[in-house]
Participant: 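Would you mind keeping the following structure in view while I ask a few things?
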Amino acid sequence: MREAAHSPTMVLDSVRRHLSPGLALGYNLLAKGAVETGASGATVRLSDGRELVDFGSYAVTLLGHRPPDVVAAVHEQLDVMPTATRALANPAVARFATALAARTAPLGRIWLGSDGADAVEAAVKLARRASGRTRVLAVEGAFHGKTLGALALTASPAYRAGLEPLLAGVTRVGREDAGAVARHCADGDVAALIMEPVQGEGGVRRLPHAARWAADARAAGVFVISDEIQAGLHRCGPFSVALAEDWRPDAVLFGKALGGGVLPLSAVTATDELYAPLLKDPTWHTATFGGHPLSCAAGTVALEVLERLAPRGEELSSRVRAGLAGLAAEHPDLITEVRGHGLLWGVDFATPAVAGGVFTELADHGLLVSPCLGSPHTIRLLPPLVTTAAELDRAFEALTKACAAARDYLEPT
Ligand SMILES: Cc1ncc(COP(=O)(O)O)c(C=O)c1O
């Protein structure tokens, strides 16, 4: 028997009872009793008829919601063969691997997963097994996911508390410490250095010494893994920051928007040397739904659409940059810093309370953004490549109103 449709109250009640009361509270705070019922492009529709511009969705909707070409490809695959036997070669999966490898040369080997953390786990396992060493260097403020292995590389104390000891052999490198990688690699026991070219959850921060770190790691025979799950796929300009900046990485990781914002898909793209354990034994690291044919069908078309839309990112980025600079100049006591690259922007507010206030005020005024999981005073803006001029105007109207309202959250001086 089919369940009756859930009213917004029933939806929130179910979230509260079965998922988490905290989630229900947060959803309610943002949408005042409404729930999301549909979306297209950069706009999300609510059950009460309101529409919100979506500059959030944790970086998944770089192509916007329901990009038509991606949706059509998924429909087509659904009618042919949605799932794989995994005992036989699947054309949708092979087509995607070919399309991705064409964009990541010389990284021609590909492992497919569903989530970002899947890709991180696979890359670290490969680095340890291929090098015969165990130590991994990760960066201060890094975010690589929340599964136990990935969490060992993620810096946030809040997510690690009560779970330690995590994976042994992780050394934290200071963001500003130019010589740290060379120093640690000299010990001879380091398997890999993993870093995000732009730390997303850590507050939208570019790593100032990334190129030197990559060179130092390479010189010591240490694998370089660029985690571009958030910053890659033209989010910050190029398809891959590490490849474009010639870090000569051994692996680049992708996720989030890789499935076109329609289906979950992640990938490790790697050199033969790093991928050696899987060349020897392809069953050594697998996941039942990793590289699912529906996701791969979405991903193949998403790669084409991304390429087509990427040039729009530059113009959109400069408009966002100018708008945020204007806002910061208007509210110097409220906004302490603005940082950004391409379509990944972080706005620092005076305190976490002010950032929290702006976050909810923005939703009230029609704009969804993402918080930064590792930087509570930062709000992240992730405009999709398909954002229209009208949506951008609405977003900045909301920012202007939310900043004015957020003065109430400033502590009196
Ligand atoms: C850079 C980076 N790596 C890994 C992850 C983990 O991805 P997922 O949440 O899909 O497991 C994230 C998620 O935000 C991320 O930003």
Side-chain angles (χ1 to χ4, degrees), residues 23 55-62 111-125 127 136-156 158-160 166-167 170 173 175 192-207 210 224-236 238-242 247 249 251-269 287 289-292 295 298-299 302 339-346 369-376 378-382:
L23 267 183
F55 282 7
S57 287
Y58 293 88
V60 170
T61 49
L62 182 56
W111 183 90
L112 296 172
S114 305
D115 292 316
D118 291 354
V120 172
E121 299 279 349
V124 172
K125 276 182 72 175
V136 178
L137 306 182
V139 183
E140 174 194 1
F143 188 91
H144 297 290
K146 294 179 186 166
T147 54
L148 278 173
L151 189 58
L153 308 164
T154 289
S156 170
Y159 299 125
R160 301 168 61 101
L166 292 160
L167 185 72
V170 174
V173 173
R175 220 169 356 217
L193 159 69
I194 183 165
M195 54 184 170
E196 304 153 83
V198 181
Q199 293 184 330
E201 301 295 343
V204 189
R205 287 169 212 283
R206 184 87 223 225
L207 296 179
V224 175
I225 302 168
S226 182
D227 178 347
E228 306 199 23
I229 287 162
Q230 181 152 172
L233 303 178
H234 300 293
R235 169 67 70 184
C236 289
F239 187 83
S240 156
V241 177
W247 298 3
V252 177
L253 316 184
F254 300 102
K256 302 258 189 201
L258 191 59
V262 173
L263 284 160
L265 182 62
S266 64
V268 178
T269 61
F289 289 112
H292 191 269
S295 302
R339 294 176 298 274
H341 302 275
L343 298 177
L344 173 54
W345 286 86
V369 294
S370 289
C372 284
L373 297 181
S375 184
T378 311
I379 274 178
R380 201 163 21 136
L381 279 79
L382 298 145

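Because only heavy atoms are used, hydrogens play no part in the values below, and waters and symmetry mates are left out as well, while side chains stay in. Remember, it's 1-based here, ligands and their atoms both numbered in the order they're listed.
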Participant: Test Ile194 against every option in Val170, Val136, Val139, Val224 by the side-chain contact (heavy atoms from CB on, under 4.5 Å) rule and name the one that passes.
Facilitator: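 When Val170, Val136, Val139, Val224 are each tested with Ile194, the side-chain contact (heavy atoms from CB on, under 4.5 Å) holds only for Val136.
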
Participant: Any ion pair linking Glu201 and Arg380 (charged N to carboxylate O, less than 4.0 Å)?
Facilitator: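 Looking at Glu201 together with Arg380, the answer is yes, because their closest N to O distance falls below 4.0 Å.
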
Participant: What protein heavy atom is closest to atom 14 (O) of ligand 1, reported as residue, atom name and distance in Å?
Facilitator: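 Closest protein heavy atom to atom 14 (O) of ligand 1: Lys256 NZ, 2.9 Å.
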
Participant: Closest non-hydrogen protein atom to atom 15 (C) of ligand 1, residue and atom name please, with distance?
Facilitator: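 Result: Phe143 CD2, 3.8 Å.
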
Participant: Near Glu201, which atoms of ligand 1 are under 4.0 Å from a heavy atom of that residue?
Facilitator: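 The atoms of ligand 1 under 4.0 Å from a heavy atom of Glu201 are 14 (O).
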
Participant: Is there a side-chain contact between Pro264 and Phe289, using heavy atoms and a 4.5 Å cut-off?
Facilitator: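 When only atoms from C-beta onward are counted, Phe289 and Pro264 do not touch, as no gap falls below 4.5 Å.
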
Participant: Within a reach of under 6.0 Å around CG of Leu23, are more than 12 heavy atoms found that belong to other residues, nucleotides or ligands?
Facilitator: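 More than 12 within 6.0 Å, yes.
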
Participant: Are side-chain heavy atoms of Ser156 and Leu373 found at a separation under 4.5 Å?
Facilitator: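 They are not in side-chain contact.
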
Participant: Less than 4.5 Å apart, side chain to side chain, heavy atoms only: is that true for Leu166 and Arg160?
Facilitator: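 Answer yes - side chains close enough.
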
Participant: Need the ligand 1 atom indices (1-based, order shown) with element for anything under 4.0 Å from a heavy-atom of Asp115.
Facilitator: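 Reading through ligand 1 atom by atom, the close ones are 10 (O), 11 (O).
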
Participant: Measuring from atom 5 (C) of ligand 1, which candidate in Gln230, Glu228, His144, Gln199 has the nearest non-hydrogen atom?
Facilitator: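 Result: the heavy atom closest to atom 5 (C) of ligand 1 is in His144.
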
Participant: Relative to each other, are the rings of Phe239 and His234 parallel, tilted or perpendicular (30° and 60° limits)?
Facilitator: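 The rings of Phe239 and His234 stand perpendicular, inter-plane angle above 60°.
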
Participant: Asp115 versus Thr147: any side-chain heavy-atom pair under 4.5 Å?
Facilitator: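 No, every pair of side-chain atoms sits at 4.5 Å or beyond.
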
Participant: Identify which of Ala150, Ala117, Gly113 has a heavy atom lying nearest to atom 11 (O) of ligand 1.
Facilitator: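 Looking at heavy atoms only, the winner is Ala117.
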
Participant: Below 4.0 angstrom from a heavy atom of Glu196, which ligand 1 atoms are there? Numbered from 1 as shown, please.
Facilitator: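 Close to Glu196: 1 (C).
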
Participant: Taking distance alone, with no angle check, do Gly116 and ligand 1 share an N/O pair under 3.5 Å?
Facilitator: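 Indeed, backbone or side chain, Gly116 has an N or O that close.
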
Participant: Specify whether the nearest protein heavy atom to atom 7 (O) of ligand 1 is under 4.0 angstrom away.
Facilitator: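 Answer yes: something from the protein, a heavy atom, is under 4.0 Å.
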
Participant: Applying a heavy-atom cut-off of 4.0 Å, say which part of Tyr58 lies close to ligand 1: side chain, backbone, both or neither.
Facilitator: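 Neither part.
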
Participant: Does ligand 1 have any atom that is closer than 4.0 Å to a heavy atom of Lys146?
Facilitator: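 Distance cut 4.0 Å: Lys146 fails for ligand 1.
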
Participant: At less than 4.0 angstrom from any non-hydrogen atom of Asp227, what atoms of ligand 1 do you find?
Facilitator: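 Listed by number with element: 1 (C), 2 (C), 3 (N), 4 (C).
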
